[in-house]
Amino acid sequence: MTTVEHSPALAPLRQARERFLSDRPLPDDVPDEVLAAWRRARFFGVRHDLDGPVHDPELPADSALLEAARPVLERIAPALGHSAMLLTDERLRVLWTTGEVPGDDRCRDLSEREVGHNSAALALRTRHRAEVHGPEHFLDVWQDVSAVSVPLLAPDSGQVLGTVTVASALCAGCGPHPGAALAEAAATAVEAELLARSHTAERVLLDAYTRAAAHGPDRAVVALDGRNRLVSEAAVRLATPQVLAALERSSTSERASGARAPHDSRLPHDSRPPQDTGCGAVVERSHDAGCGPVVERSNGAGGGPSRKRSPDAGDGPVVERSHGTGCGPSLERSHDAGCSPVQEQPYDLTLPDGAGCTAEITPVRHEGRVLGIVAVLEARAAEVPVPRLVPRPALALAGGSVPWRHAVARAVELARVPEPLLLTGERGSGKTALARELLGEREPLVADAAESPELGVKYSELADGRPLLLRHAERLAQPDVAALNSLLDEHPDVYLLVTYTPGTPPGPCFQRLLDTLAARSVTLPALRERPEDVRELLPVLAPRPAPGQPPLTWTLDALRALEEHPWPGNVTELAHVVRALAEHRRVTGPVRRAELPDPVRERPAARRLSPMEHAERTAILAALRRHGGNKARAAAALGIGRATLYRKLRGYQGIS
């Protein structure tokens, strides 16, 4: 360790910082990332001398992260030496600290808006270990400090929960930080504790489910906790999507309130749990006598319930195996008092009209808080369900993301009037599927310019109101473009649906056609702009399984890979991947990341902006700064739509 005056590697950066603070020209060798961080601090109004009152954030009254991390970090603290260790949450509020804090220990909020550039903020933004040394910081009090931070990721969703930071006196040079290994070990240990605690919570839900299902295979039972869902065979016929949505809302409400006193009554407990066949997000069906549950849950590294703990592990509960009697796999129940579910007084839940069943809800409480609910469904006498296949939602309507639902709603609104409609989007984004869905039962004339650039349709064929679906309009021959323009001039209300994939700049004649259709046009978002829809698309794209075969399911790691892939071919490319896996797999269980094609399995490398993109991004950020972050005003000042501004901001996320 040395001081900043004796660190030759950092001396040029220290001089550059002094010039930046005094508004003098900077040398060309200042790293772009550091310079951008200094500029953000100035934009946020951070004082480098920390003059004035220090922001003291309101800390959460009940932090699950702190509860799990404190015992782990306190065990590691003696190894710190002359360093300090800090724990922050996802908002960079300091929840816990120990050791000798170098520099100023008044900063309880490490967000860039409060203290400028620091390793915790950098780790939270990049989701990777980050180091910041001496003059890279914006604050004067941290000029003799080196810090390394590691993000803490949720075991089930991969969401960033906070950071662990090790701070010390300034290191000689710019890295690696001598406390990096300790910070990594601390983060790994905290994540392991979070995983173990999630296992406990899921065992509680599983135990509550098995108790409720113990009355026989004909009892319809559903258990939910917001992440996992257990559905008995009898409940599959009753639990429609509308019923499940109502149960999810009830579970969320119970977890949010969860303050009523627990009820003392307990249900019988000689049931059987579902069979566990792998790790990851799974939908499983027990085939033993029809009494096992259908399970949707996260396993293994994803945070699923643990089936068996070794009795000699030291810190785990003792497990007793209860052998089955022909009604399912044997039950392994923990007799650890911390895992026993506490159930409250049941109550009836009002379900949507036409649900066909009633629901009796019992909240499941553990250690003073509600984890989820157990619902017992009963068919109404006049509406006894008949086993049937639940129809799949239309591919064109699958997806709940805001960009997709907005585009579909706009298209549905325009399609109510049988006039020309233009659907624009990248190849494979679902233009044709949506067009056919908008037509409903009406059978259109179909012309595909990709197969034949000549239109081959006469107006007389459209005179009776029959719609025309024109695909790949960008490939139309010039004479047909002119004919379409003439047709729209003479009959502006012709029933015409056009799909168009932008590419090369259109010629004047085709541009006129686009201008004519622009007033009634919808742009569909690319799949990379709505990654949250991937999970909803997968069951729609997968072929129906053969009778007796389980549906195609996915591990959490595979799902993350599918969501992170940019999908240049959009939904069409995703459909090819899903069908290939469904048809050619030779293994059972959920699809793992290793089974995905190489381009999908490997995380895409972040690309650098082109000069034009860099200029565009700079202009957008400048407009946002001028208008105080108001996106509507910034979009108006730039002369673009607010939706376009949002799309461009999303496109620049994660790009260097």
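Keep in mind that the numbers below use all heavy atoms, side chains included, and drop hydrogens, waters and symmetry copies. The shown structure was predicted, so the numbers you read here are calculated from the model rather than taken from an experiment.
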Q: Check whether any side-chain heavy atom of R42 sits under 4.5 Å from a side-chain heavy atom of D23, and report yes or no.
A: yes
Q.
Please check: side-chain N/O of S149 versus main-chain N/O of A120, any donor-acceptor pairing under 3.5 Å?
A. yes
Q: Start with the C-alpha gap between H565 and E563, add the side-chain angles, then the distance that decides, and say whether side-chain hydrogen bond (donor to acceptor under 3.5 Å, both in side chains) holds.
A: CA-CA 6 Å; H565 186 63; E563 290 171 341; over 6 Å; no
Q) Got a donor-acceptor contact below 3.5 angstrom from the H137 side chain to the Q143 backbone? A) no
Q. What closest approach, in Å, do C509 and N485 show between heavy atoms, and which atom pair accounts for it?
A. O-ND2, 3.2 Å
Q: Give a yes or no on whether the ring-centroid distance for F510 and Y500 is below 6.0 angstrom.
A: yes
(Q) Tell me whether N118 contacts the main-chain N or O of G116 through its side chain, where contact means a donor paired with an acceptor under 3.5 Å. (A) yes
Q. Between H133 and L170, which heavy-atom pair has the shortest distance, and what is it?
A. C-CD1, 4.1 Å
**Q.** Non-hydrogen atoms of A619 and L638 that approach each other most closely
**A.** O-CD2, 4.0 Å
Q: Measure from NZ or CZ of R530 to the centre of the six-membered ring of W404 and say whether it is under 6.0 Å with the direction within 45° of the ring axis.
A: yes
**Q.** Residues R93 and E58 bridged, charged N to O under 4.0 Å
**A.** no
(Q) Run the salt bridge (charged side-chain N to carboxylate O under 4.0 Å, His left out) test on E426 and R528 for me, step by step, so that the C-alpha distance in whole Å, both residues' side-chain angles and the decisive distance to 0.1 Å come before the verdict. (A) CA-CA 11 Å; E426 296 181 5; R528 65 178 173 277; 2.4 Å; yes
(Q) Ring centroids only, cut at 6.0 angstrom: are W38 and F20 within range, meaning strictly under it? (A) yes
Q. Can you check whether W142 reaches C107 side chain to side chain, under 4.5 Å on heavy atoms?
A. yes
Q) Roughly how far, to the nearest 0.5 Å, is the CG atom of L244 from the CZ atom of R249? A) 10.5 Å
Q) Any side-chain heavy atom of L13 within less than 4.5 Å of one from P31? A) yes
Q) Within a strict 4.5 Å, meaning less than it, do heavy atoms of the L86 and V164 side chains meet? A) no
Q. Rounded to the nearest 0.5 Å, how far does OG1 of T516 lie from CD of Q511?
A. 9.5 Å
Q) Is there a side-chain contact between L538 and L559 (heavy atoms, below 4.5 Å)? A) yes
(Q) Run the salt bridge (Lys or Arg N to Asp or Glu O under 4.0 Å) test against R40 and tell me which residues pass, sequence neighbours left out. (A) E112
Q) So, R24 and S22: side-chain donor and acceptor under 3.5 Å apart, yes or no? A) yes
Q. Between R601 and D557, is there a side-chain N and carboxylate O pair less than 4.0 Å apart?
A. no
Q | From CZ (R642) to CG (N630), nearest 0.5 Å | A | 8.5 Å
(Q) Just verifying a value: how many Å separate L26 CG and R19 CZ, rounded to the nearest 0.5 Å? (A) 7.0 Å
Q | Closest approach of P502 to T424 (non-hydrogen atoms, all atoms of both residues) | A | CG-CG2, 3.6 Å
Q | Under 3.5 Å donor-acceptor, S521 side chain and A518 backbone | A | yes
Q.
Less than 4.0 angstrom from a charged side-chain N to a carboxylate O is my criterion; do R229 and E248 meet it?
A. yes
Q. Under 3.5 Å, is there a donor-acceptor pair linking the side chains of T163 and T88?
A. yes
Q) Hey, what do you get for CG (L349) to CD1 (I373), rounding to the nearest 0.5 Å? A) 7.0 Å
Q) Checking T644 side chain against I640 main chain: does a donor-acceptor pair fall under 3.5 Å? A) no
Q. Are any side-chain N or O atoms of E536 and backbone N or O atoms of G399, one a donor and one an acceptor, separated by less than 3.5 Å?
A. yes
Q) Does the pair E18/R14 count as a salt bridge with the N-to-O cut at 4.0 Å? A) yes
(Q) Suppose we screen for salt bridge (Lys or Arg N to Asp or Glu O under 4.0 Å). Which residues come up paired with E90, at least two apart in sequence or across chains? (A) none
Q: Grab the two heavy atoms, one from L596 and one from A561, that are nearest each other, plus how far apart they are.
A: CD1-CB, 3.8 Å
Q: Go through R127 and L153 one step at a time and tell me if the side chain to side chain contact (heavy atoms under 4.5 Å, CB included) criterion holds.
A: CA-CA 8 Å; R127 297 172 58 92; L153 306 181; 4.1 Å; yes
Q) For R520, does the CZ atom have more than 12 heavy-atom neighbours from other residues, nucleotides or ligands under 6.0 Å away? A) yes
Q.
Treating W567 as the side-chain partner and L562 as the backbone partner, does any N or O pair qualify as donor plus acceptor under 3.5 Å?
A. yes
Q) Is any side-chain N of the basic residue among D533 and R405 closer than 4.0 Å to the acidic one's carboxylate O? A) no
(Q) Looking at D140 and R17, is any side-chain nitrogen of the basic one under 4.0 Å from a carboxylate oxygen of the acidic one? (A) yes
Q.
Ignoring hydrogens, what is the shortest heavy-atom contact between A147 and T165? Give both atom names and the distance.
A. CB-CG2, 4.2 Å
Q. Thinking salt bridges, do R91 and D89 make one under a 4.0 Å N-O criterion?
A. no
Q. T501 pairs by side chain to side chain donor-acceptor pair (under 3.5 Å) with which of H472, R475, K431?
A. K431
Q: Would you indicate whether the side-chain heavy atoms of V148 and V132 approach each other to under 4.5 Å?
A: no
Q) In chain order, what residues pass the salt bridge (Lys or Arg N to Asp or Glu O under 4.0 Å) check against D29, with sequence neighbours excluded? A) none
Q.
Quick check against the 3.5 Å criterion: does N570 have a side-chain atom that pairs as donor or acceptor with the backbone of L527?
A. yes
Q) Got a sec: does the CZ of R125 have more than 12 other heavy atoms crowding it under 6.0 Å? A) yes
Q. Would a 4.5 Å heavy-atom cut-off, applied to side chains only, mark L469 and L497 as touching?
A. yes
(Q) For the backbone of T188 and the side chain of E191, can you confirm whether one donor and one acceptor N or O come within less than 3.5 Å of each other? (A) no
Q: May I have the step-by-step check of side chain to side chain contact (heavy atoms under 4.5 Å, CB included) for L139 and V46, ending in yes or no?
A: CA-CA 8 Å; L139 295 186; V46 179; 3.9 Å; yes
Q.
Within the 4.5 Å heavy-atom criterion, are V522 and V408 side-chain neighbours or not?
A. no
Q: For the pair V571 and S429, evaluate side chain to side chain contact (heavy atoms under 4.5 Å, CB included) and give the outcome as yes or no after the intermediate values.
A: CA-CA 6 Å; V571 179; S429 57; 6.0 Å; no
Q) Can you list the steps and then say if H177 with S146 is a side-chain hydrogen bond (donor to acceptor under 3.5 Å, both in side chains)? A) CA-CA 7 Å; H177 193 285; S146 286; 5.2 Å; no
Q: Kindly determine whether V115 and F138 satisfy side chain to side chain contact (heavy atoms under 4.5 Å, CB included), including the steps that lead there.
A: CA-CA 7 Å; V115 297; F138 189 74; over 6 Å; no
Q) How long is the span from the CZ atom in R512 to the CG atom in D489, to the nearest 0.5 Å? A) 4.5 Å
